[in-house]
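Notes for the one structure printed next.
Chain naming here is simple, since letters A, B, ... match the order of the sequence lines and numbering starts at 1 in each. Values below: every heavy atom of this structure, side chains too, minus hydrogens, waters and symmetry copies.
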Amino acid sequence: MSFIADLHIHSKHSRACSRSLEPGSLHRWCQLKGIAVLGTGDLTHPAWSAELESTLVAAEPGLYRLRPELERAQDAKVPDSCRAPVRFLLEGEVSCIYKRDGRVRKVHHLVFTPSFAAAERIRARLGEIGNIRSDGRPILGLDSRDLLSIVRDADPEAYLVPAHAWTPHFAVFGSESGFDSLEECFGDLSREVFAIETGLSSDPPMNWRLSALDRVALISNSDAHSPEKLGREANLFDCELSYAGLFSAIRGRDPKRFLKTLEFFPEEGKYHADGHRKCRARLDPAETIRRGGLCPACGKPVTVGVLHRVEKLADRKKGKRPAGAADYESLIPLKEVLGQVLRVGPGSVKVDALYHRLLALFGPELRILREVPAAELEREGLPLLALALDRMRQGKVSLAAGYDGEYGVISLLGEDDFTRKAQLSLL
Amino acid sequence: MNGAELDASQRAAVLAEEGPVIVAAGPGTGKTRVFSHRVARLIRDRGAHPGEILALTFTRSAAAEMRGRVKALLPGARLDALWVETCHAAALRILREEAYPFPEPAVLGEAERASLLEGVVPAREAEALLDEIRAAKQRLEPPESAPGRLYQERLNSRRLLDFDDLFLCALRLFEERPEVLKRWRDRFRHVLMDEFQDTTLAQYRFASRLAGRDFFVVGDPDQSIYGFAGVPFDPFAAFAEDHPGCRVLPLTENYRSQAVILDAARQVIARNRARLPRQLRASLARGLPVEISGHQSDRQEAEMTVRRIEGLLGGASRFSVDTGWAARPGEGERIYSLADIAILYRLNAQARLFEKALERAGLPYTTFGKKTRKDGREVAAVEDLEDFRDGAPRPAGESVTLMTAHRAKGLEFAVVFLAGCEDGVLPYRRDGHPGAVEDERRLFYVAMTRAQDRLFLSYARQRFLFGKSLSLPPSPFISDIESELRRLQQAPRRKRPRGRQPELF
Ligand SMILES: [Zn+2]
Ligand SMILES: [Zn+2]
C-alpha cells in the first residue's frame with residue numbers, strides 16, 4: 001500500500017519556526033495531512049534530540065513512533081476520518097557557509113540517520129566545529145564535501161541530500177552562492193550524492209532538463225516552519241516501511257517503489273521568477289537578460305530565480321523525461337483553495353472552520369486534494385470547491401509567479417465562476 | 001633571483017649590500033616576501049651556506065611560514081642547516097648545544113610560573129610579581145626583590161629556565177666563555193631579524209652579540225605595540241647607535257588595504273612622532289569609506305555589529321534574507337565569507353557581548369586569547385611563546401574571528417570591525433595612569449591596517465567594563481580621520497524587521 005513521506009521539516013528550535021513544532025502536535029498534524037512518515041527535523045540540535053529520544057520509541061527498523069500513551073492523547077484530538085499510524089525518521093538540516101575557489105558559498109544540506117547513535121556521532125563532530133546549540137539548523141563554516149564525509153563516516157546508512165537545490169541564496173545550484181554541478185560542490189565524493197530535494201520553486205520537469213541530474217532521484221518535502229505546512233510537498237512510496245526500504249527506493253530510482261512527488265506549482269514558490277521585491281518588479285528570464293540583470297525600477301541587480309538558473313544550466317529542451325524518473329502531481333494547499341472558494345484569506349476563521357469540517361467528512365488534506373471525487377464534494381454542497389480541485393488536478397490554473405522571496409499566486413477560479421454558482425451558499 | 005616579482009623598494013632591500021640595514025616596512029608592504037627573498041638570495045646568489053644564516057622571527061607560526069617560503073624559492077636546495085627560529089627558540093637551541101647552564105636546559109611553561117610562588121606571596125599578588133620579574137629580566141636584570149630571588153632559586157633548583165632566562169643565560173654564556181661566542185659568531189655570518197619593532201632589550205642584545213657585519217632587520221616603529229610602559233626601549237635607536245652609518249631602506253607600496261583605509265590609517269599615525277621616515281603609498285583602488293557608528297550601549301554595539309556581519313554575508317539565514325533583516329549588499333559592496341571577517345577590540349573583556357550576539361545569530365566564531373591585564377597591556381605574545389611548544393589545534397570550519405588588536409598583529413582580514421573606539425578604552429586609560437597615547441595610537445593604527453576591503457569603527461556611549469558603568473566620549477583617533485574618508489552611521493534604533501511579521505514558512 002502506498003504512503004506519503006515528508007522528509008524535511010524543522011522543530012521549534014530552528015530560527016523563525018513555530019513553537020508548536022513538537023512531537024505531539026507533529027504526530028497529530030501528520031494525521032490531518034495524511035502523512036505516514038515524517039522527518040523529525042533538527043537532528044543536530046542537542047535539546048531537540050533529547051526530547052525526541054524521550055518521546056519516541058523504535059518502530060520498524062530505522063523508524064520511530066510516539067510513545068503509546070502520548071499517541072493516545074494526541075489521537076483523541078484527531079477526527080476518526082484521519083486516524084492513521086505515524087512514523088518518524090531522524091532528519092536535520094545544516095547550513096554550510098564557506099569560501100571555495102574565491103567565492104562565498106552558502107549551501108543547505110539534509111542529513112538522515114537510521115539511529116539516534118549515528119545522529120549523536122554527527123552531533124559530536126559538528127559540535128567541535130561550530131555552534132549547534134543555538135539554532136536547529138546550525139550555520140557552520142564547513143565545506144559541503146567535508147560535511148558529506150562526516151555524515152558518511154557516522155554510519156554507512158547515514159545520508160546527505162542537498163536541500164531545496166535551486167533556491168538562490170542557500171542551495172547547491174543557487175544563483176547567488178551555489179555551484180554549477182554536484183561535482184563542483186562535492187568533488188571526489190560527488191558520486192555519493194544520490195538525490196536532491198527540488199524545493200518549492202522547481203518541479204521535476206524543470207530538473208529533467210539537466211542530463212547531469214539523470215542519475216539522481218528528485219525528492220520533495222515541505223521544509224515546514226509550522227505544523228500547518230507539513231506535507232505541502234512530499235513523496236509517495238510503495239515500498240517496505242523502514243528506513244532502508246525508503247532509501248533503497250530513492251537510491252534505486254525505482255518507479256514501482258518511489259512512485260511520485262507531490263509538488264507545489266513551481267510558480268507559487270518564492271523564488272521561481274526573477275525580480276526585485278522592494279520594487280515589486282517580476283521579470284521572466286529573457287527579460288532579465290535583456291535588462292542586463294538589473295531591476296527596471298531601481299537599477300539594482302535583481303534576484304535571479306530558479307527558472308532562470310535552471311535554463312542557464314540546462315542542456316535539454318523541455319519535455320524529455322529520463323528513464324526511472326518518478327511521476328509528480330502539482331497541488332495547492334487546501335486552505336489556499338478554500339480561501340479562493342470563500343473569497344477570504346486562507347488564514348481566516350471561515351476557512352479554518354470549513355477545513356476541519358472537510359477533514360472530518362472526507363479524511364486528511366492530501367486525500368481531499370488528490371483523491372476525493374468532485375461528485376462527492378458537489379453532493380456535500382461544495383460545487384465551487386469541486387470545480388477548483390478539478391481544475392487543480394488538471395493543471396488548469398492561472399499563474400502569477402513568485403519572485404525574490406514573494407510567494408506566487410495561483411488562481412483556480414474566475415469572476416464568472418462565482419456569478420454562475422452564486423446561488424449556492426457555501427456556509 | 002626573479003626580480004620581476006618584487007617592486008622597486010622591495011628589490012632595493014633584497015639586493016642591499018651586506019652590512020647593517022634597517023628595512024622600514026609599513027603595513028602590507030610585503031616584508032615577509034622581502035625577508036624570504038633576502039635569505040634565498042644569500043644562499044643562491046651570494047654563495048652563503050644555509051648554516052651561516054640565522055633568521056629570527058617573532059612567532060613560531062611566522063618561522064614556519066618563512067621556512068616554507070624560503071624552501072619554495074629554492075626548490076631542491078638542502079636547507080637543514082638553515083636556522084629560521086624565534087629568538088627564544090634560537091637561544092634555547094644554543095643553550096642546549098652548549099649544555100648551559102644545565103646539561104639539558106628545559107623551559108618552564110607560562111602556566112606553571114605561578115606555582116613557583118606558592119607560599120611566597122598571596123595568590124592575588126602572584127601575577128604582579130611575575131610581571132615584575134619578567135620586566136626585570138627583559139632589562140637584563142636578575143630579580144632583586146626577596147620573593148623574586150626565591151622564585152629564581154626555585155627555578156634553578158629544578159634545573160629549569162623561564163622564557164626570559166633564555167636570553168640572560170645566553171648572554172651570560174657569551175660573556176663567560178668568549179670562545180663560545182666567537183664560534184657562534186663565526187658560524188652565523190648573516191643575521192636577519194623580523195618584527196624588529198617589538199624586540200625587547202634582551203632579545204636585541206642576544207641577536208646583536210651573534211650578528212657580525214651583515215645584520216638585516218625588518219620592522220616598523222609605527223607598529224610597535226608590545227612596549228613596556230615605563231621601560232621605553234627603542235630598538236631602532238639602539239641599532240642606529242650600535243651601527244653608525246647603517247642604511248635605512250623603506251618599503252613603500254601597500255598591497256593590502258583599499259586606498260581609503262590606508263589613507264585614514266596614515267592620518268591617524270601622522271600624529272605620532274615619526275621615528276623613521278614614512279613613505280607609504282596605497283597601490284589598491286580607493287574602495288568604500290571607513291564606516292563609523294555610534295551606539296547607545298556596548299550591547300547595542302555588539303548587536304548591530306553582528307547584524308552588519310549578517311549583511312556582509314549576504315544573509316546568513318533564509319529568515320534574514322526573506323525579511324530584509326540583513327541588508328542586501330549596497331553599491332560597490334560584495335559578500336564575504338565567515339573567515340573574511342574579524343572583530344577586534346582593545347580588551348579581552350569586550351569579547352563576551354560579541355560572542356553572545358554571534359551565538360544568538362547562530363554564526364560560528366573563534367575567540368583568540370582570553371586575558372588582558374588590568375593595565376591594559378597584552379600578555380606580550382606569551383601565547384606565541386607558548387606555541388613555542390605546541391600550538392592548539394584549530395577548528396576545521398570557517399568562523400568569524402574575535403581577538404584583541406594586539407593579537408591581530410601580522411594578520412589581515414577582508415573586513416575588520418574595530419569596536420570600543422572610546423576615549424578611555426582605545427586609547428586605554430587606567431585610573432591614575434594617563435596612558436601612553438602614542439602607544440595606543442600605534443595599536444589603533446595596527447588594527448586599522450589589518451583591513452583589506454572594509455573597515456568599521458564603532459563606539460558606545462554607555463559601556464560596562466571591569467564592574468563599572470562608563471560613559472566615554474568617542475576616541476580622539478576617530479577625529480584624526482578626515483571626513484571625506486569616513487561615513488557616519490546614525491545610531492539605529494532597535495526595531496524589528498519592517499512591515500508584517502515575517503511569515504513562518
Ligand atoms: Zn534550508
Ligand atoms: Zn528594484
Would you name the heavy atoms of B:G362 and A:S134 that are closest together and state the gap between them?
-> CA-OG, 3.6 Å
Output the distance between atom NE2 (A:H169) and atom CD1 (B:I335), rounded to the nearest 0.5 Å.
-> 9.0 Å
Any donor-acceptor pair under 3.5 Å from A:K106 side chain to B:S337 backbone = no
To the nearest 0.5 angstrom, please state how far the OG atom of B:S399 sits from the CD1 atom of A:I129.
-> 11.0 Å
Around A:R280, counting heavy atoms of other residues, nucleotides and ligands shown, do more than 12 lie under 6.0 Å from its CZ?
-> no
Under 4.5 Å, counting heavy-atom pairs only, tell me which of A:N131, A:D143, A:D135, A:L142 racks up the most with chain B.
-> A:N131
Heavy-atom distances under 4.5 Å only: say whether A:I97 touches chain B with side chain, backbone, both or neither.
-> both
Could you pull out all residues at least two apart from A:D6 that satisfy side chain to side chain donor-acceptor pair (under 3.5 Å)?
-> A:S222
Is it the case that more than 12 heavy atoms not belonging to A:K335 sit under 6.0 Å from its NZ atom?
-> yes
Got more than 12 heavy atoms from elsewhere within 6.0 Å of CZ, A:R145?
-> yes
Side chain to side chain donor-acceptor pair (under 3.5 Å) with A:R152: which residues, sequence neighbours excluded?
-> A:E192
Is chain A contacted by the side chain of B:Y365, its backbone, both, or neither, given a heavy-atom distance below 4.5 Å?
-> neither
Answer yes or no: is there a donor N or O on one side and an acceptor on the other, between the side chain of B:E398 and the main chain of A:K99, under 3.5 Å?
-> yes
Side chain to side chain, B:P364 and A:I139, heavy atoms closer than 4.5 Å = yes
